[in-house]
Amino acid sequence: MEKLSYLILSGVTNGSVYGLIGLSLSIIYGSSRVINFAQGDFVMLGALSAIMFVTTFNLPWFIAIPGVIGVVMLTALALNYGVYRPMVRRKAPPLTIMMGTLGASIMIYGIGLLVWGPDQKFVPALLSLKPLIVGPLITNPQQLAIIATFAAFLVLTWYILYRTRFGLSIRATGVDPKVALLMGIRSERIVLFSFLFSATVSGIAGVLVGPLLGGQIGMGLMLIVKGFLAAILGGLGSPFAAAAGGIAIGMMEALMAGYGTSLYAEPAIFMLILLVLFVRPYGLLGDYEAERR
Amino acid sequence: MLSIENLTAGYNGSEALHQVSVRIEPGTIVSVVGANGAGKSTLVNAISRLVTTPSGKMTFEGRDIMALKPASVVELGIVQVPEGRKLFAPLTVMENLRLGFHRLAGRSGSDKVFKDRLDYVLGLFPKLKERADQRSGTMSGGEQQMLAVGRALMADPKLLMLDEPSLGLAPMVVDQIFDILKMLREDGLTILLVEQHAEEALKLADYGYIMAVGKVRAEGTGPALSKDPALHHSYLGKPGETAA
């Protein structure tokens with residue numbers, strides 16, 4: 001029982017990180033039909049710029065966190081104005097724009113390599129990593145912060161999408177951007193917001209997961225793959241489905257590692273995704289995407 | 001109100017409109033009719049700034065709109081009901097109506113204006129009130145068309161453009177929609193109606209244009225055009241028939 005509760009906690013923690021990245025990917029996809037291959041780089045920038053602000057510049061967290069958000073937002077602005085908009089203006093299809101984001105990802109990787117070098121670095125923890133006993137569970141404050149942040153971003157995303165006029169415009173743009181234009185909605189602002197918001201989500205995910213994984217150039221690649229799998233499993237286009245997919249993958253990984261071997265975790269995840277897609281081609285909760293066709 | 005002179009428009013470098021000139025006076029219904037592929041929808045989309053317009057001139061209430069973006073055209077009060085309804089199918093009827101109100105939302109006193117517009121639209125289409133929380137994609141074709149028109153009216157347009165509102169609808173529903181258009185004209189609204197159902201559209205219109213292969217081939221008062229057998233024969237099929 002103790003082992004199971006430990007595995008569940010571990011699965012929910014990892015799943016929260018995958019869910020945050022899946023949510024980020026889904027927000028951009030929902031408004032622009034583009035899978036942003038540079039999303040993992042926001043996670044990497046979050047972790048590495050936390051090192052820069054906290055360790056190198058010795059700044060307190062209350063300054064470092066806005067600083068990290070500033071770094072990822074500036075990068076998101078550059079991606080939006082430097083890659084997305086010029087390609088949209090030239091009427092590039094989403095697949096071509098996706099290749100553009102891949103190119104941007106390689107550039108961010110190269111710039112990051114110049115700034116931080118290739119070695120893995122210690123990322124200072126926002127909260128303590130000391131064990132904390134909560135009822136039957138042994139955890140630590142950083143782990144709890146990851147889960148709480150995931151929950152907070154889910155609530156915030158839900159609030160924006162379903163309780164604000166701007167959120168209604170985001171959902172309408174996701175369903176049909178051309179008709180959204182006919183309502184007077186400026187879809188380019190919707191897409192810009194989705195880039196900035198998703199960059200913030202991923203950057204903060206980087207700050208939180210950095211101390212557990214270590215900060216390194218390219219760390220975003222593994223995470224974006226898991227985040228993408230989460231979005232596919234849950235249903236691409238719906239941020240909540242992607243978040244649910246993240247938790248499912250995290251749990252699968254933890255349970256496979258705990259009761260079998262971690263070697264089989266990834267094949268098991270792909271097997272799960274294949275099975276789900278056979279039965280529900282739009283993912284577990286993918287009605288949203290299916291209905292718009 | 002709207003003046004279009006020698007407009008050329010097209011998609012991906014190919015021209016679908018050639019030197020088209022159209023005038024719309026305030027408080028009138030202007031019908032543009034023609035067979036499939038005549039360029040009618042391109043004309044509407046050019047006014048909405050959804051297609052490229054390499055040459056020509058378009059002014060709305062004296063203001064040049066050639067360089068505007070689609071959202072700015074809506075802000076001026078030119079609102080389109082697109083062909084095939086194009087509702088936001090996963091969203092509810094009320095959410096679609098709220099999106100129609102986007103032009104006026106955020107202005108001072110907009111809550112009261114929203115309520116007034118909603119009362120007006122639900123007065124015209126009482127069925128929408130019963131279906132307020134229903135997903136719009138699950139409604140019948142006729143109800144969807146009513147919602148599409150209602151959504152556009154939520155913006156309190158100065159010029160309402162309807163692209164093939166009768167498409168795929170039963171004749172009884174088409175009559176209902178056309179009756180509503182007459183009522184809207186009586187309320188002072190200016191309407192541009194693009195239709196393949198030429199005879200009905202021309203009878204309803206104060207002024208009409210007949211288009212073929214991207215050009216205006218004839219123009220005149222609606223009733224006069226609808227009674228001209230030569231025009232019907234050349235461009236629209238025999239009188240009493242719908243152009244194919």
Side-chain angles (χ1 to χ4, degrees), chain A residues 26 29-31 33 85-93 96 158-193 234-241 282-283 285-293, chain B residues 11-13 44-45 47-52 68-92 94-107 110-111 114 135-138 147-148 151-157 160-163:
Chain A
S26 248
Y29 181 81
S31 65
R33 313 279 92 196
R85 287 198 190 196
M87 294 184 91
V88 167
R89 261 202 302 276
R90 288 164 180 77
K91 303 199 185 305
T96 311
W158 173 84
Y159 183 82
I160 293 171
L161 288 181
Y162 291 96
R163 285 290 177 270
T164 67
R165 190 160 59 82
F166 187 69
L168 184 59
S169 301
I170 296 174
R171 286 157 59 209
T173 305
V175 176
D176 193 331
K178 196 171 158 188
V179 181
L181 285 176
L182 293 176
M183 303 295 107
I185 295 167
R186 293 177 192 275
S187 56
E188 70 276 9
R189 286 188 194 168
I190 301 286
V191 176
L192 175 63
F193 168 82
L236 198 59
S238 164
F240 309 108
Y282 293 99
L285 306 168
D287 287 357
Y288 179 83
E289 178 70 11
E291 272 173 293
R292 78 180 67 180
R293 302 260 157 86
Chain B
Y11 305 88
N12 302 323
V44 170
N45 286 330
I47 299 168
S48 286
R49 311 301 306 132
L50 292 175
V51 295
T52 49
L68 294 186
K69 289 190 171 178
S72 307
V73 171
V74 176
E75 265 170 30
L76 289 180
I78 304 174
V79 179
Q80 185 190 144
V81 179
E83 185 180 344
R85 277 84 77 177
K86 301 280 167 58
L87 297 175
F88 298 105
L91 307 186
T92 66
M94 188 53 72
E95 285 173 330
N96 271 275
L97 292 174
R98 280 189 183 282
L99 285 160
F101 188 69
H102 190 273
R103 170 179 176 243
L104 305 172
R107 299 181 184 180
S110 64
D111 288 350
F114 174 76
R135 286 187 175 200
S136 59
T138 62
L147 176 56
R151 182 179 66 179
L153 290 174
M154 286 299 291
D156 194 11
L160 179 68
M161 303 191 295
L162 299 105
D163 191 357

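Each chain gets a letter, A, B and so on, in the order its sequence line appears, and its residues count up from 1.
In this pair, A:Phe240 and A:Tyr162 present their aromatic rings tilted. The plane angle is within the 30 to 60° band.
For B:Leu99, the parts sitting under 4.5 Å from any heavy atom of chain A are the backbone and the side chain alike. At a 4.5 Å heavy-atom cutoff, the contact between B:Ala105 and chain A is made by backbone and side-chain atoms alike. Proximity to chain A is limited to the side chain of B:Glu75, based on heavy atoms less than 4.5 angstrom apart. Only the side chain of B:Arg151 comes within less than 4.5 Å of a heavy atom of chain A; its backbone N, CA, C and O stay farther away.
Contact of the B:Asp163 side chain with the B:Pro82 side chain is not registered, since no non-hydrogen atoms from C-beta on lie closer than 4.5 Å.
Rounded to the nearest 0.5 Å, atoms CG (B:Asp156) and CZ (B:Phe101) are 9.0 Å apart. Note: B:Ser48 OG to B:Leu68 CG = 11.5 Å, rounded to the nearest 0.5 Å.
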